[in-house]
Visitor: 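This structure is in structure tokens; I'll ask about it shortly.
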Amino acid sequence: MSSIIDIKFELESNKLDSIKADATIVIVKNKDLSHKWVTQEDELKVQGFEGSAEELCQIGNNIYVGVPCFDSDEIRLALCNALKKIKKSSYKTISIGSYSSKRELNISAIVEGAILGSYKFDKYFTKKSSINVEKIIISTEDYSDNKIDETKANEEIKFSFAVANATNMAKTIVNSTPNDVTPQRLAQLAKELTIDVPNTNCFIGDNEYLESENMNLFLAVNRASCHPAKLVHLSYTPKNPKKVITLVGKGLTYDSGGLNIKTGSYMSTMKADKGGACAVLGIFKAITELKLDVELHAVIGATENMVGGDAYKADDVIIARNKDSVEIQNTDAEGRLVLADCLSWAQDKIKSDYILDFATLTGACVVGLGEYTTGIMGNNSKLKHQIGANNSGELSSMLPFNKYLKKTLKSPVADICNISSSRYGGAITAGLFLDNFITDEYKDKWVHLDIAGPAFVERDWGYNQTGASGAGVRLVSYWINKLIKD
Ligand code: BES
Ligand code: ZN
Ligand code: ZN
């Protein structure tokens with residue numbers, strides 16, 4: 001896929017000023033122009049550069065970028081902005097120092113800022129953009145004279161290179177249009193992640209398979225689409241895995257709303273309703289490339305939600321794979337139906353230590369948390385906090401379940417209704433609908449991530465471009481890496 005940013009990163013144990021490169025990026029912390037790396041203080045002052053947050057100035061071959069502090073996300077943004085500035089130049093090699101803080105080594109942030117920030121979705125343009133930078137050399141000389149652990153720094157380069165490129169791959173699939181990435185194409189893209197990759201396997205189930213598994217909720221959502229549904233299962237089974245993790249992704253390659261059709265502007269951007277599936281694919285790509293000691297399963301429910309003479313309807317009652325009857329009251333609440341059957345399948349087929357699902361599930365999550373933040377739900381507080389609390393740069397927040405909201409899913413004609421009787425708390429009630437399909441064995445092993453906000457944002461934000469951000473890939477790759485290395 002064209003989304004790979006081909007920049008090499010090298011750690012060098014020489015002082016910054018003795019590294020040979022075409023240009024140097026200097027990050028200026030909180031207006032401190034007296035630092036030894038700021039060699040052109042007078043010229044910078046003439047240019048009006050003070051070194052405050054997001055300020056940028058180029059003097060000769062030095063690019064100065066201001067940050068308020070050395071938090072990892074500030075470093076990511078600084079790299080993104082510096083590379084934007086020199087993208088069109090002929091510079092091939094760039095040098096930069098180390099910027100550790102008390103909490104972080106921040107080598108990861110340099111790599112991620114460069115790779116994520118340089119991404120451009122140009123798949124459908126006849127003219128493709130390119131970046132001339134071939135190599136970024138990171139000096140182990142540190143801004144604050146901290147000692148840089150070289151082994152750790154090299155590990156961070158490797159990890160972040162894989163994770164950032166996997167995030168960009170997820171962006172490209174999410175950004176791809178519904179006439180390009182159909183369920184079949186999504187399944188094919190998934191399969192490609194296992195070709196010539198050791199210890200991996202790919203299974204693709206079609207409608208007949210879904211019927212044999214009684215996945216009637218999934219099939220109902222698919223019925224009015226001319227594209228058949230696909231259940232994708234990728235597995236990575238290394239020799240001595242420390243944990244078994246299953247990721248389940250909502251793969252709606254288009255969500256028209258079905259008969260409860262979306263109106264006007266609510267329908268466009270619904271190509272991004274496959275964001276959950278793409279997050280799962282991104283994490284799978286990163287973890288298999290890094291050959292981490294974890295058994296990983298990626299399960300995707302891929303379909304469109306369309307209208308037609310045989311479309312499923314509000315008032316239908318459908319028997320789920322787990323045998324619960326489900327009353328349909330809104331065909332636009334389709335993601336939870338696909339996920340309910342996929343979660344049931346994943347719990348029966350795979351013996352996992354953890355099961356995480358990713359979905360652009362509710363507009364309510366975007367209303368509640370804003371478009372930049374993922375909603376984390378589940379029954380295990382410790383696990384939710386572990387997943388949310390990392391320095392991946394992704395924003396997330398907990399949305400708590402409660403028994404009163406659970407009751408709002410009661411149906412007068414079936415075991416459960418696919419929408420809540422309350423107009424409030426829609427992200428949580430969607431999460432609680434999924435919880436209904438989690439067995440007792442898995443209650444504390446399951447976490448639901450509603451990425452409806454950050455999966456696709458219609459404006460630039462920080463080092464993210466307009467459109468897809470690959471939400472979920474970094475958040476959960478960081479969590480998995482920490483889980484098995486601690
Ligand atoms: N795919 C949407 C959720 C969504 C909305 C994602 C906005 C990204 C941005 C989902 O299938 C949906 O339509 N949900 C409904 C649920 C409602 C009918 C209970 C919603 O959020 O309005
Ligand atoms: Zn919908
Ligand atoms: Zn949807």
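Every number for a ligand or one of its atoms is a count from 1 in the order of the listing.
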Visitor: So does K271 pair up with E304, basic N to acidic O under 4.0 Å?
Guide: no

Visitor: Using a strict 4.0 Å cut-off to heavy atoms of E334, name the atoms of ligand 1 that fall inside it.
Guide: 11 (O)

Visitor: Which heavy atom of the protein is the closest neighbour of atom 3 (C) of ligand 1, given with residue, atom name and distance?
Guide: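 Here the closest protein heavy atom is L361 O, 3.4 Å.
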
Visitor: Determine, for D273 against K250, whether the closest basic-nitrogen to carboxylate-oxygen distance falls under 4.0 angstrom.
Guide: yes

Visitor: Is any NZ, NE, NH1 or NH2 atom of the basic residue among D353 and K445 found under 4.0 Å from an Asp or Glu carboxylate oxygen of the other?
Guide: no

Visitor: With side-chain hydrogen bond (donor to acceptor under 3.5 Å, both in side chains) as the criterion, how do S72 and N106 come out once you've worked through the C-alpha distance, each side chain's angles and the decisive distance to 0.1 Å?
Guide: CA-CA 6 Å; S72 55; N106 274 332; 4.5 Å; no

Visitor: Does a salt bridge link D122 with K127, judged by any charged N lying under 4.0 Å from a carboxylate O?
Guide: no

Visitor: I need the contact type for Q329 against ligand 1. Using non-hydrogen atoms and a strict under-4.0 Å cut-off, is it side chain, backbone, both or neither?
Guide: neither

Visitor: Nearest to atom 7 (C) of ligand 1, what protein heavy atom do you find, and at what distance?
Guide: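 Of every protein heavy atom, M270 CE, 3.7 Å lies nearest to atom 7 (C) of ligand 1.
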
Visitor: Against heavy atoms of A452, which atoms of ligand 1 measure under 4.0 Å?
Guide: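 That gives atoms 6 (C), 8 (C) of ligand 1.
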
Visitor: Using a 4.0 Å cut-off to any heavy atom of N330, which atoms of ligand 1 qualify?
Guide: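 Checking each atom against N330, I get 18 (C).
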
Visitor: If you scan the protein for heavy atoms around atom 22 (O) of ligand 1, do you find one that is closer than 4.0 Å?
Guide: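 Under 4.0 Å from atom 22 (O) of ligand 1, zero protein heavy atoms found.
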
Visitor: Do N390 and K482 have side chains that get closer than 4.5 Å, going by heavy atoms?
Guide: no

Visitor: Between L252 and ligand 1, find which residue part has any heavy-atom pair under 4.0 Å and reply side chain, backbone, both or neither.
Guide: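 Neither; no heavy atom under 4.0 Å.
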
Visitor: Between M267 and ligand 1, find which residue part has any heavy-atom pair under 4.0 Å and reply side chain, backbone, both or neither.
Guide: neither

Visitor: Report yes if the distance between the aromatic ring centroids of F159 and Y478 is under 6.0 Å, otherwise no.
Guide: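 Yes.
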
Visitor: Taking 2.8 Å as the upper limit, name the protein N, O or S atoms near the Zn ion (ligand 3).
Guide: K250 NZ, D255 OD2, D273 OD2, E334 OE2

Visitor: With a sphere of 6.0 Å drawn around NZ of K313, does it hold more than 12 non-hydrogen atoms of other residues, nucleotides or ligands?
Guide: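 Yes, NZ of K313 has more than 12 neighbouring heavy atoms, counting only those of other groups under 6.0 Å.
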
Visitor: What about the rings of Y442 and F437, do their centers lie closer together than 6.0 Å?
Guide: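 No.
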
Visitor: Under a 4.0 angstrom heavy-atom cut-off, which atoms of ligand 1 come close to I419?
Guide: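 So the atoms of ligand 1 that pass are 19 (C).
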
Visitor: Using a strict 4.0 Å threshold on nitrogen-to-oxygen distance, state whether E213 and R321 make a salt bridge.
Guide: yes

Visitor: Between F125 and F121, does the ring centroid distance fall short of 6.0 Å?
Guide: no

Visitor: Can you list the ligand 1 atoms lying under 4.0 Å from a non-hydrogen atom of R336?
Guide: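 Counting atoms of ligand 1 from 1, those under 4.0 Å from R336 are 16 (C), 19 (C).
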
Visitor: What protein heavy atom sits nearest atom 15 (C) of ligand 1, and how far off is it?
Guide: D332 O, 4.0 Å

Visitor: Would you call the rings of H233 and W345 parallel, tilted or perpendicular, taking 30° and 60° as the class edges?
Guide: perpendicular

Visitor: Which residue from G275, G363, A272 reaches closest to atom 5 (C) of ligand 1 through any of its heavy atoms?
Guide: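 Nearest option to atom 5 (C) of ligand 1, by heavy atoms: G363.
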
Visitor: Any ion pair linking D73 and R76 (charged N to carboxylate O, less than 4.0 Å)?
Guide: yes

Visitor: Is it the side chain (CB and beyond), the backbone, both or neither of D255 that lies under 4.0 Å from ligand 1, heavy atoms counted?
Guide: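 For D255, the contact with ligand 1 is made by the side chain alone.
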
Visitor: Does a side-chain N-to-carboxylate-O contact under 4.0 Å join E155 and K485?
Guide: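 Between K485 and E155 there is no salt bridge, as every charged N stays at least 4.0 Å from the carboxylate O atoms.
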
Visitor: What residue and atom, counting heavy atoms only, is the protein's closest point to atom 1 (N) of ligand 1, and at what distance?
Guide: D273 OD1, 2.8 Å

Visitor: Only heavy atoms of K250, strictly under 4.0 Å: list the atoms of ligand 1 that pass.
Guide: 1 (N), 10 (C), 11 (O)

Visitor: Taking only heavy atoms of T360, which atoms of ligand 1 are found under 4.0 Å from at least one of them?
Guide: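 Those atoms are 1 (N), 2 (C), 3 (C), 6 (C).
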
